[in-house]
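Worth saying up front: this structure is predicted, and the values here are computed from it rather than measured. Numbers restart at 1 for each chain; the letters A, B, ... are given by sequence-line order, proteins then strands.
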Protein chains: 2
Amino acid sequence: MRSEAKQLTIGRLARAAEVGVETIRYYQSIGLIPTPEPTGTYRYYPVTLVDRIRFVKRGQQLGLSLAEIAELIRLNDGMHRAAIRGIAKRRMVEIDNRINDLQKIRSALATLVNRCAHTKSTLPCPIIESLAAQR
Amino acid sequence: MRSEAKQLTIGRLARAAEVGVETIRYYQSIGLIPTPEPTGTYRYYPVTLVDRIRFVKRGQQLGLSLAEIAELIRLNDGMHRAAIRGIAKRRMVEIDNRINDLQKIRSALATLVNRCAHTKSTLPCPIIESLAAQR
DNA sequence: GTAAACTCTGTACCCAACCCCAGAGTCAAG
DNA sequence: CTTGACTCTGGGGTTGGGTACAGAGTTTAC
């Protein structure tokens with residue numbers, strides 16, 4: 001058994017987690033990952049931070065903001081499972097709303113493109129007309 | 001018949017179009033609406049700009065960027081109907097892609113929330129686990 | 001032992017679409 | 001004719017998630 005954990009410089013940590021060095025510094029600046037005290041001049045990072053950063057990246061792929069991800073990390077003590085589900089559920093509601101909005105926009109655009117394609121070219125473009133209409 | 005068109009100060013124009021004065025200045029700065037030469041000290045704006053600004057706002061509601069809206073305005077000479085449809089169609093493709101992405105994210109979240117709700121509270125939260133999983 | 005590659009701190013910049021402020025001058029209602 | 005509401009120019013700041021230096025010091029591979 002070795003008692004000291006492996007440590008990485010910031011550049012190695014960045015390469016291991018497949019992010020830029022600046023991303024790590026940014027995450028530190030917003031408190032998403034800790035900033036170890038310098039040992040001598042440089043700071044050394046535990047390898048466990050590689051997983052932490054990948055955690056963040058996967059959360060982003062689910063559309064979570066860094067603030068939400070920070071909250072997930074904070075809540076991950078086994079005591080707050082319902083709160084964690086709450087974050088995921090709120091995100092789902094937002095996604096549902098966004099999908100609804102996009103579908104409305106999509107069908108409005110489809111209608112306009114269709115009308116435009118079937119309107120005599122001597123008449124004004126229905127797309128422009130619809131935007132210009134006073135309501 | 002009155003020969004001179006009605007003119008508005010920037011504040012009246014803003015109120016008529018229901019935007020802020022700063023929005024108008026911003027639109028001027030990016031060339032979306034013209035900046036009339038000052039008459040004396042102040043600039044005076046034709047009422048037709050009210051419609052132009054509402055046009056912009058409605059385009060934004062369809063998810064168009066200001067750059068795309070500027071292009072629509074530029075193309076609106078009766079000669080470029082196909083190009084106008086092209087803008088709308090490209091936006092539709094982007095929207096379709098976005099909807100697909102969101103639906104994938106939504107179902108991933110739904111699965112996680114469901115699994116989390118049906119996992120013994122003595123076990124680690126599946127939402128956290130899934131984000132922490134090494135892949 | 002030296003040169004390349006790295007790290008440190010700090011600052012500034014990117015995107016879009018604005019918002020807000022200061023200070024000076026101007027216009028219009030009463 | 002005063003006073004309050006407006007306009008002008010020019011600058012700054014906001015949000016989120018970073019990227020890009022600059023300049024000085026440090027470590028490491030050969």
Quiz item: Rounded to whole angstrom units, what separation is found between the OH atom of Tyr26(A) and the P atom of dT9(C)?
Solution: 18 Å
Self-check item: Donor-acceptor side-chain pairing of Glu22(B) and Tyr27(B) below 3.5 angstrom
Solution: no
Self-check item: Which residue lies more 5' along DNA chain D, comparing Thr41(A) with Tyr27(A) via nearest heavy atoms
Solution: Tyr27(A)
Self-check item: Value in whole Å for how far the P atom of dA5(C) lies from OH of Tyr42(A)
Solution: 14 Å
Practice problem: For Arg15(B), report the nucleic acid contact type (base, sugar-phosphate, nothing); a contact means any heavy atom under 4.0 Å. | Solution: sugar-phosphate
Self-check item: Distance test, side-chain N/O of Thr9(A) to OP1/OP2 of dT7(C), below 4.0 Å
Solution: yes
Exercise. Find the distance Gln7(A):CD to dT7(C):P and express it as a whole number of Å.
Key: 14 Å
Exercise. Look at all strands and tell whether Ile30(B) reaches a base, only sugar-phosphate, or nothing, counting heavy atoms closer than 4.0 Å.
Key: nothing
Practice problem: Grab the CD-P distance between Glu68(B) and dA16(C) for me, whole Å please. | Solution: 11 Å
Exercise. Give the first and the last nucleotide of DNA chain D, reading 5' to 3', that has any atom under 4.0 Å from a heavy atom of chain B.
Key: dC6(D) to dT9(D)
Practice problem: Please lay out, stage by stage, how Glu18(A) and Arg54(A) fare under the test salt bridge (Lys or Arg N to Asp or Glu O under 4.0 Å). | Solution: CA-CA 8 Å; Glu18(A) 295 173 283; Arg54(A) 297 194 175 206; 3.5 Å; yes
Quiz prompt | side-chain N/O Lys57(B) vs dA17(C) OP1/OP2, d < 4.0 Å | solution = no
Self-check item: Residue-phosphate contact under 4.0 Å: Arg12(A) side-chain N/O, dC6(C) OP1/OP2
Solution: no
Quiz item: Just by distance, with hydrogens left out, do Tyr44(B) and Glu37(B) show a side-chain donor and acceptor under 3.5 Å apart?
Solution: no
Quiz prompt | Interatomic distance where CZ belongs to Arg25(A) and C1' belongs to dC8(C) [whole Å] | solution = 7 Å
Quiz prompt | Gap between atoms CG and P, on Leu8(B) and dA28(C) respectively (whole Å) | solution = 13 Å
Self-check item: Interatomic distance, Gln103(A) atom CD to Asp101(A) atom CG [nearest 0.5 angstrom]
Solution: 9.5 Å
Quiz item: Any side-chain heavy atom of Leu13(A) sitting closer than 4.5 Å to one from Thr9(A)?
Solution: no
Quiz item: Base, sugar-phosphate, or nothing for Arg43(B), non-hydrogen atoms under 4.0 angstrom?
Solution: sugar-phosphate
Quiz item: Starting at the 5' end of DNA chain C, which residue's closest nucleotide do you reach first, Thr39(B) or Ala67(B)?
Solution: Ala67(B)
Self-check item: Of Gly40(B) and Val56(B), the one whose closest DNA chain C nucleotide lies more 5'
Solution: Val56(B)
Quiz item: Which whole-number value in Å describes the distance from Tyr44(B) OH to dC27(C) P?
Solution: 6 Å
Self-check item: Shortest non-hydrogen separation from Arg43(A) to Pro36(A) and the atoms involved
Solution: NH1-O, 2.9 Å
Quiz prompt | Full working for side-chain hydrogen bond (donor to acceptor under 3.5 Å, both in side chains) between Tyr42(A) and Gln7(A) | solution = CA-CA 11 Å; Tyr42(A) 290 0; Gln7(A) 304 275 294; over 6 Å; no
Self-check item: Distance-only donor-acceptor test (3.5 Å): side chain Glu22(B), base dC18(C)
Solution: no
